Every structure is written in C-alpha cells, then in structure tokens.
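A short worksheet on the structure shown next.
These figures come from a predicted structure and were not determined experimentally. This chain uses plain numbering: 1 for the first residue, then up along the sequence. These numbers come from the heavy atoms of this one structure, side chains and all, not from hydrogens, waters or symmetry mates.
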Amino acid sequence: MAITMYGTYWCGDCKRAKQFLGNHRIRYDFIDIDADPAGASTVEKANKGGMSIPVIEFDDGSVLIEPSNAELAEQLGVVSRDEHRFHDVTVVGSGPAGLTAALYTAREGLSTLVIESGAVGGQAGITERLDNYPGFPEGVGGEELADRMHEQAKRFGVEILQAQEVVKVSADEPYRIAKTADGSVYQSHALLLAVGTQYRRLDIPGETDFIGAGVHFCATCDGPFYRDLDVLVIGGGNSAAEESIFLARFAKKVTIVTRGDDLSASRVVREKVAKSPKIEVLTGIEPVEFSGASRLEHVTLRNRHSGDTRVIEPAGVFVFVGISPNTELLRGVVDLDERGFVITDQAMQTTVPGIFAAGDCRSGSTKQAASAAGEGASAALAIRPY
C-alpha cells in the first residue's frame, strides 16, 4: 500500500500518526509542507482552503485529514475490537512471549484473545535481524519472524486485536479483566501479561520536543528517511550497534557515541561494526542537549573525562540506551520489582492468582526473543491447570 503523509515536523498530530504507522511497520512517504510548496498546495486543496494536518493519501485515492488512531486503524484494516467479551485466556502483548503462549492455549482448545497496542511482534518485530533465533541458520528479519508467528497463532484460532491499548487490569472473582482505551472490557479465566519493554529516553533538554522531528527510537521505522545523510546513534549495547549496521545501508555516515570506554555489545556485533567503513565509534561521550527550530538541528556532546563540549549537526539521531518495562498500568495490581518488572513465581504466576507474566516485562527474564518464546510456552502450560 502506497501512503503519503503531508505535514510538518513540529505538528503533534503528525508525530502521533507517524508513530502509529511506525508501530505497525507500515511504510509511508513524508512531505514537509514547510519546505515543499507543492505539498502545501495539496494540503490546502484537500482541506478546501484550510490547512489542517496531517493529510494522508492512500493508493486507492482516499484521503484522511487529521485522523485519529482509530480512523487510521479502520482505513488500514486493523482489527481493534472484538464482539466477544469473554475468553478463556486473554494475553496482553503480542511479542514472542504473548504469541507463543496464545498458540499453545488455543491449540489446547482454550478460546484466546491477544490485545496489542502496536503491531504484532513487539520489539522483535521492529528488530532489523535476529541472528540467534533457533531454526534460522542465516538469521531472520524481525518483521518476517513476527509475520510467521502471527500466521501460526491465527491458524489455531487466536483472536488478535491491534491498535488497542489496555489501560487497566483487575481481578473480579472469578474473572480476570482487561479494560481497553476505547472503553471495552474483556473478561477471562486467566490473564497473561506479555507487555514487553520500550526504549529508555535520555531525559535531556530538547529530547521530547524533537521526537519524530529528528529524534527516533526505531531505525527500522525511520532509517530510510535518512538516505545519504549523516546520522548519530546514542548507546553502546547490542541494540545501538545492530541498528547502526542497519542504518549504514541508508546513511552516508553513522556516528555512534557511548558513555563507556568501549562498546558493550557482543563480540560478534562489535566485529560487524568495525568492518563497516560507514560507522565511526566515539567513546566516553554523552549528549547533553538537542536544539533547533521546527526540527532537530544541533546536538551538544560532552566528553565525560575532560568535560569539554562540542556541537554537531546530524540529520537525525537514534537513541538506544536501554529499556524500561511497559508496566505502569500494573502498579498497585501485581507486585513489581524496584525497576518496575513483574515479579512471578516459577510457574510464571504473579502475586494475583490467575494473572501470569512472561517475556521481557518479567523480573529475571533474559530479554532475548528465544527465551521470551520459551517463557510464553511455560506460562501457557501453567495456565492450563489453573
């Protein structure tokens, strides 16, 4: 599907629509009407003289003006509601843990609903490539793996809602309840939390202002916009290094800055970075401020050892400095550890009977796709006797 979005880098609704499309791994072209008079004319024509943005054109000729996420979901054929309000099992999250658990429970004949706020696949789905997932000797793209798991779950009858955020989880004996942002309430005998994690932010001046306007957290989603341009990657772990390798396909140059004295990524990934003529690594460096007018223009870097600062002008910045769990909605419902990860027993059950957790959001998990799938299977096997 060919999609063109007309908007500006400073527009909040444009950022939201970009995030929605990015979360669902939907490719689109973006036209900045501040810099493109023809694009501004298209917006004015679509608005019949007005200038409401974003204006989103689809290849079937249809146009949406300043659409809500629900309107985008409907246009794209994303199923976000289920007429059945009771299931044996409800799974919140559709990464490897959630989808594996769902196909296990559905295969056992238990009616299973998966609710996902973004696209099916979770973090794994927007990872450029997984080289250590069993069964793929040449590696597998994250999107391909997510699509395969999605199809397998559907084959066993799993019902999957996308673009639907769970805002409340509770227990009302004998049921476990998930309430979604649209006001729907889904009840079940057992509930599995596989809500995953999100990339941590830097919390420095300017970061929030330029998210989607030069500051990004997903190279797979936004990397192609920086073809033949210089980009900056912040972080030194596996995610930062792997995403830098991906960005090198498009960018003219990729500069990695890390606070440490070396990359903390695995040896195999570090070797790949070292072999790329497009990637430069700067150690002992941290960003302290993002600045610009309508979009990011300058990044201030500080040498952690000398304290000296300098200003650079990358076209875009990609931030990969760790993860935090998506568990805010669970505070006061189940016990969390000091970092916000869900505490479970050996059977993957939380401190509330009938509510289970698996995958990256679980305290003690390895944050690996393969082990997340294993935890999903273990959780499903524990849910069955419950």
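Checking Asp34 against Trp10 by side-chain atom types alone, a donor-acceptor pair falls below 3.5 Å. Using a 3.5 Å distance cut-off with no hydrogens or angles, the side chains of Ser371 and Thr366 do pair a donor with an acceptor. Counted by atom type alone, Asp360 and Gln123 present zero donor-acceptor pairs between their side chains at under 3.5 Å. Side-chain contact, Thr344 with Arg362: a donor N or O sits under 3.5 Å from an acceptor N or O. Side chains of Thr112 and Thr105: a donor on one and an acceptor on the other come within 3.5 Å.
Taken from CD1 in Ile355 to CD1 in Ile383, the straight-line distance is 11.0 Å, to the nearest 0.5 Å. One distance of note links CD of Glu289 with NE2 of His298; it measures 10.5 Å at 0.5 Å rounding. One finds the CG atom of Leu103 at 13.5 Å from the NZ atom of Lys154 (value rounded to the nearest 0.5 Å). The structure places CG of Leu232 at 9.5 Å from CD1 of Ile256, a figure rounded to the nearest 0.5 Å. The structure places CD of Gln164 at 10.0 Å from CG of Leu113, a figure rounded to the nearest 0.5 Å. Note that the CG atom of Asp261 and the OG1 atom of Thr283 stand 6.0 Å from one another [nearest 0.5 Å].
The aromatic rings of His87 and Tyr186 lie tilted to each other, with the angle between the two planes from 30° to 60°.
Cation-pi geometry between Lys367 and Phe341 is satisfied (NZ or CZ under 6.0 Å from the ring centre, within 45° of the ring normal).
Taking every heavy atom of both residues into account, Asp131 and Gly139 meet most closely at OD1-CA, 3.7 Å. Here the shortest heavy-atom pairing between Ser52 and Glu66 reads CB-OE1, 3.6 Å. Nearest heavy atom pair, residue Leu130 against residue Ala124, reads CD1-O, 4.2 Å. The nearest pair of heavy atoms linking Val91 to Ala102 is CG2-CB, 4.4 Å. In plain terms, the two heavy atoms of Leu202 and Glu207 that are nearest each other are N-OE2, 2.8 Å.
Between Arg267 and Glu271 there is a salt bridge, since at least one side-chain N of the basic residue sits less than 4.0 Å from a carboxylate O of the acidic one. Note on Glu143 versus Arg27: salt bridge recorded, some NZ/NE/NH1/NH2 to OD/OE distance being below 4.0 Å. Under 4.0 Å is where a charged nitrogen must lie from a carboxylate oxygen, and between Lys253 and Glu280 at least one such pair does. Residues Arg155 and Glu151 are not paired through a salt bridge, judged by the lack of any N-O separation under 4.0 Å between the basic side chain and the carboxylate. Electrostatic pairing of Glu165 and Lys168 does not count as a salt bridge here, judged by no charged N lying under 4.0 Å from a carboxylate O.
A distance of 6.0 Å or more separates the ring centres of Phe210 and His216. Between His189 and Tyr386, the gap from one ring centroid to the other reaches at least 6.0 Å.
Not a single donor-acceptor pair under 3.5 Å links the side chain of Glu242 to the backbone N or O of Ser239. Judged by distance alone, with hydrogens and angles left aside, the side-chain atoms of Lys179 form no donor-acceptor pair with the main-chain N or O of Val166 at under 3.5 Å. A donor-acceptor pair under 3.5 Å is formed between the side chain of Glu116 and the backbone N or O of Gly118. Side chain of Asp59 to backbone of Ala2: a donor-acceptor contact under 3.5 angstrom is found. Judged purely by atom type and a 3.5 angstrom limit, Thr300 has no side-chain atom pairing as donor or acceptor with the backbone of Val311. Asn47 places a side-chain N or O within 3.5 Å of a backbone atom of Val43 that can act as its donor or acceptor partner. For Thr8 (side chain) and Cys11 (main-chain N/O), a donor-acceptor pair under 3.5 Å exists by modelled atom type.
Heavy atoms of other residues, nucleotides or ligands lying less than 6.0 angstrom from CZ of Arg302 number 12 at most. Summarising the local packing, NZ of Lys272 is surrounded by 12 or fewer heavy atoms from other residues, nucleotides or ligands at distances under 6.0 Å. Annotation for Glu173: atom CD counts as buried by contact number, over 12 foreign heavy atoms lying within 6.0 Å. Within a 6.0 Å sphere centred on CZ of Arg16, other residues, nucleotides and ligands contribute more than 12 heavy atoms.
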Item to check | Verdict with reasoning, Tyr199 to Phe320, per ring pair (Phe, Tyr, Trp, His ring centres under 6.0 Å) | outcome: CA-CA 7 Å; Tyr199 288 117; Phe320 304 104; 5.3 Å; yes

Checklist entry - Under the ring pair (Phe, Tyr, Trp, His ring centres under 6.0 Å) criterion, do Phe86 and Tyr175 qualify, and how do the steps go? => result CA-CA 9 Å; Phe86 178 84; Tyr175 304 119; 5.7 Å; yes

Next on the checklist: Evaluate Ser62 against Gln75 for side-chain hydrogen bond (donor to acceptor under 3.5 Å, both in side chains), listing each step before the verdict.
Outcome noted: CA-CA 9 Å; Ser62 59; Gln75 174 70 27; 2.9 Å; yes

Item to check | Evaluation steps, ring pair (Phe, Tyr, Trp, His ring centres under 6.0 Å), between Tyr6 and Phe30 | outcome: CA-CA 6 Å; Tyr6 297 87; Phe30 180 73; 8.7 Å; no

Checklist entry - Can Tyr28 and Phe20 be said to form a ring pair (Phe, Tyr, Trp, His ring centres under 6.0 Å), step by step? => result CA-CA 11 Å; Tyr28 63 96; Phe20 180 91; over 10 Å; no

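Partner of Thr90 under the side chain to side chain contact (heavy atoms under 4.5 Å, CB included) criterion, chosen from Ile115, Leu192, Val169: Ile115.
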